[in-house]
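Computed from a predicted model, the values in this text were never measured in an experiment. Note on naming: letters A, B, ... go to the chains in the order of the sequence lines (proteins, then strands), and numbering restarts at 1 for each one.
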There are 2 protein chains.
Amino acid sequence: MASIKDVAKRANVSTATVSRVLRNTGNVTEETRQRVLEAIEALNYQPNVLGRYLRRMETETVLVVVPDITNPFFSKVLRGIEAVALKHGYQVLLGDTQNDARLEEQYLNVLPQRQVDGMIFLTARIRKELMEEMARQFPIVLACEYLEGTDIPTVSIDNISSARKATEHLIRLGHRRIAHLSGPMDVILSRDRLRGYYQALAQHEIEVDAALVQEGDFTYESGYHLTLKLLALEKPPTAIFAANDEMAIGAVKAIRHRGGRVPDDVAVVGFDDIHMASIFEPSLTTIAQPMFEIGQKAMELLLRLIEGIDVERRQLVLPDRLVIRDSCGGGRSV
Amino acid sequence: MASIKDVAKRANVSTATVSRVLRNTGNVTEETRQRVLEAIEALNYQPNVLGRYLRRMETETVLVVVPDITNPFFSKVLRGIEAVALKHGYQVLLGDTQNDARLEEQYLNVLPQRQVDGMIFLTARIRKELMEEMARQFPIVLACEYLEGTDIPTVSIDNISSARKATEHLIRLGHRRIAHLSGPMDVILSRDRLRGYYQALAQHEIEVDAALVQEGDFTYESGYHLTLKLLALEKPPTAIFAANDEMAIGAVKAIRHRGGRVPDDVAVVGFDDIHMASIFEPSLTTIAQPMFEIGQKAMELLLRLIEGIDVERRQLVLPDRLVIRDSCGGGRSV
DNA sequence: GATGGTGATGTAATCGATTACATAATCGAG
DNA sequence: CTCGATTATGTAATCGATTACATCACCATC
């Protein structure tokens with residue numbers, strides 16, 4: 001494998017000159033430039049990036065930590081990140097924690113080890129102090145999630161208000177017994193959506209029934225099983241607000257398997273607006289998050305942190321939108 | 001940021017000894033070992049992996065090139081790769097080409113640049129000669145796809161026979177006008193599935209009608225629109241075999257929008273058995289690929305190539321399975 | 001007591017590129 | 001014609017770890 005020295009020898013110049021040609025820095029006459037390029041061509045030379053990384057102490061690589069890459073929501077956000085990364089010549093390393101919080105903390109180590117220039121977390125179950133300490137020293141951005149009481153740069157939507165919006169929509173349609181399929185309570189996003197749900201109930205003076213709130217884990221399966229549980233209640237809900245679309249689809253299926261109809265017997269609202277939400281029948285009423293844009297903004301923010309540009313607005317809240325479809329009845333069908 | 005020198009100084013040893021402690025190689029007395037560990041602890045030292053990489057000329061990282069990470073099929077394969085990689089201390093770099101063949105060739109360059117120790121391609125639209133030349137010099141494994149007439153290590157199913165199986169199932173149910181929604185013709189996998197479809201027709205002496213074969217791109221949207229086209233034919237098909245589940249779902253939706261019922265008016269068979277295939281209504285009859293296992297095997301194969309172990313069976317064909325559900329009628333419902 | 005083996009540690013080369021600094025050549029202004 | 005600026009190129013240090021090789025101490029064996 002040819003190295004820069006071989007190229008230098010063949011072109012009859014120093015390695016410094018070869019490097020200058022490679023990186024297009026400094027002054028090189030067109031003539032030597034050509035000689036170097038010819039040598040590169042002849043030797044089929046490819047610069048070894050490890051040498052460069054070590055010397056420059058940067059890898060132009062960012063790590064994205066995802067809780068679950070098979071979840072379409074995250075892969076869409078990832079796409080946004082990739083788009084911006086590619087445009088700026090950065091590579092994206094993927095860390096899939098498969099919902100394991102310990103793995104999450106492990107990934108944090110790649111920063112001091114200098115393996116990447118920065119990180120984006122699409123999950124935030126790491127101990128707050130640890131995360132804060134790292135964020136002080138290295139470029140880190142949280143997307144979708146955030147950590148309470150920190151000023152770690154964040155891109156997300158306002159989960160509380162959107163959950164409130166979703167719940168209010170059901171109330172407006174006349175529902176009073178509204179259940180909530182929450183996400184895991186150790187992620188803030190789930191707690192926020194639950195809070196929004198509570199706020200909506202309170203605002204309309206609807207009493208909270210603890211039995212109507214069930215903690216899931218964002219999977220179809222959990223949505224399905226928890227809904228069976230809800231339907232077995234003495235006074236089952238007439239509407240279900242699920243913390244994501246996959247659980248909402250699970251809910252619909254469970255209702256059907258029990259002989260119920262959606263939305264006639266039970267109305268269902270989801271969250272995220274994944275592709276399947278509009279395809280599934282009945283199409284899901286849901287909160288649309290700008291997934292791609294969240295990814296873009298997060299990466300843009302990260303780039304500014306890496307480049308040491310002072311970031312004025314560190315906490316970005318993007319707009320979301322209630323998309324009314326067929327799964328909750330009442331509204332017009334889109 | 002502390003380096004190995006700082007640790008050495010503090011522990012009153014040479015950097016060589018620190019390295020020995022870090023890597024657990026060579027002989028070190030328990031006493032100095034402790035001193036070194038204390039120094040590491042005190043300085044909060046993390047080894048800079050770039051130095052290590054350069055010296056050892058390996059990164060314990062593999063690159064996985066995916067045509068579309070938002071496609072659940074690929075993310076499932078990726079999971080299998082990750083599982084094995086993690087167990088062997090390898091990191092996984094993700095390259096999402098977003099179906100751009102040029103990007104695919106670009107990714108190939110990270111190998112001679114020594115950025116990764118090996119690559120797995122879940123797509124193979126690269127020029128054959130180029131790919132072969134690289135595969136001769138570096139560890140490369142193809143998964144799902146393969147390149148005709150090469151002996152590049154590959155893990156996949158037998159797409160021809162499984163497509164034949166799927167088509168035959170429809171024939172057995174009495175269908176004679178069977179359409180095929182193919183994938184893009186520049187990927188071999190699509191051509192193989194088309195071939196299997198043709199074989200089944202030939203075997204049962206059913207004439208091929210060119211109008212019944214439509215080239216899609218594996219997306220829901222293409223499945224939807226091509227099916228509308230099929231339904232507008234003078235003699236529309238009574239069954240549709242789609243080259244993947246997402247197009248199959250698109251087909252079902254199109255049939256419904258035209259007032260048809262599935263499977264009563266038109267039977268539909270998919271391919272891959274993604275999660276949604278069993279959830280969607282009607283549940284999809286489809287070819288189940290062992291996605292996770294494909295990933296695992298591919299990574300295992302790659303590891304052996306990286307470690308220079310002679311690989312006897314370079315081309316691995318895994319078993320697939322026809323899963324009969326509701327979308328094609330006739331069979332029992334699962 | 002000489003010899004050789006083993007274990008613990010240190011010295012310094014090395015991986016491949018980048019870049020601060022040095023040097024040489026060229027040019028233009030006064 | 002000289003001086004300083006500018007341009008082109010080279011020399012060598014550097015990034016941080018790993019490791020071949022050297023050294024030294026200690027012990028066992030004959």
Numerically ordered, the residues 1-13 of chain B set in heavy-atom contact under 4.0 Å with DNA chain C is N12(B), V13(B)
Closer than 4.0 angstrom, basic N to acidic O: yes or no for R56(B) and E58(B)? yes
Let's see if you can work this out: which of dG10(C), dT18(C), dA13(C) has an atom nearest to the side-chain heavy atoms of R20(B)? dG10(C)
Within the 4.0 Å heavy-atom criterion, would you say L54(B) contacts the bases, only the backbone, or no part of the nucleic acid? base
Need the bend value for the helix from dG1(C)-dC30(D) to dG30(C)-dC1(D): angle between end axes, 5 pairs each end, nearest 10°. 50°
Using a 4.0 Å heavy-atom cut-off to protein, can you give one letter per nucleotide of nucleotides 23-29 of chain C, 5' to 3': B if the base is in contact, S if only the sugar-phosphate is, - if neither? -------
What I want to find out is whether E30(B) reaches R33(B) closely enough, with some N-O distance under 4.0 Å, to be called a salt bridge. yes
May I ask you to say whether R304(A) pairs ionically with E300(A), meaning some side-chain N is under 4.0 Å from a carboxylate O? no
When all nucleic acid strands are considered with a 4.0 Å heavy-atom cut-off, which category describes T32(A): base, sugar-phosphate, or nothing? sugar-phosphate
The nucleotide from dT9(D), dT19(D), dT19(C) with an atom nearest the side chain of V28(A) is dT9(D)
If you compare every side-chain N and O of Y45(A) against the phosphate oxygens of dA17(C) (OP1, OP2), does one of them come in below 4.0 Å? yes
Pick the closest DNA chain C nucleotide for R55(B) and for A16(B) by heavy atoms, then say which residue is nearer the 5' end. A16(B)
Is any NZ, NE, NH1 or NH2 atom of the basic residue among E132(B) and R136(B) found under 4.0 Å from an Asp or Glu carboxylate oxygen of the other? no
Would you indicate what T17(B) reaches in the nucleic acid, counting non-hydrogen atoms under 4.0 angstrom: base, sugar-phosphate, or nothing? sugar-phosphate
Side chain of S14(A) only, please: which of dG10(C), dG10(D), dA12(D) is the nearest? dG10(D)
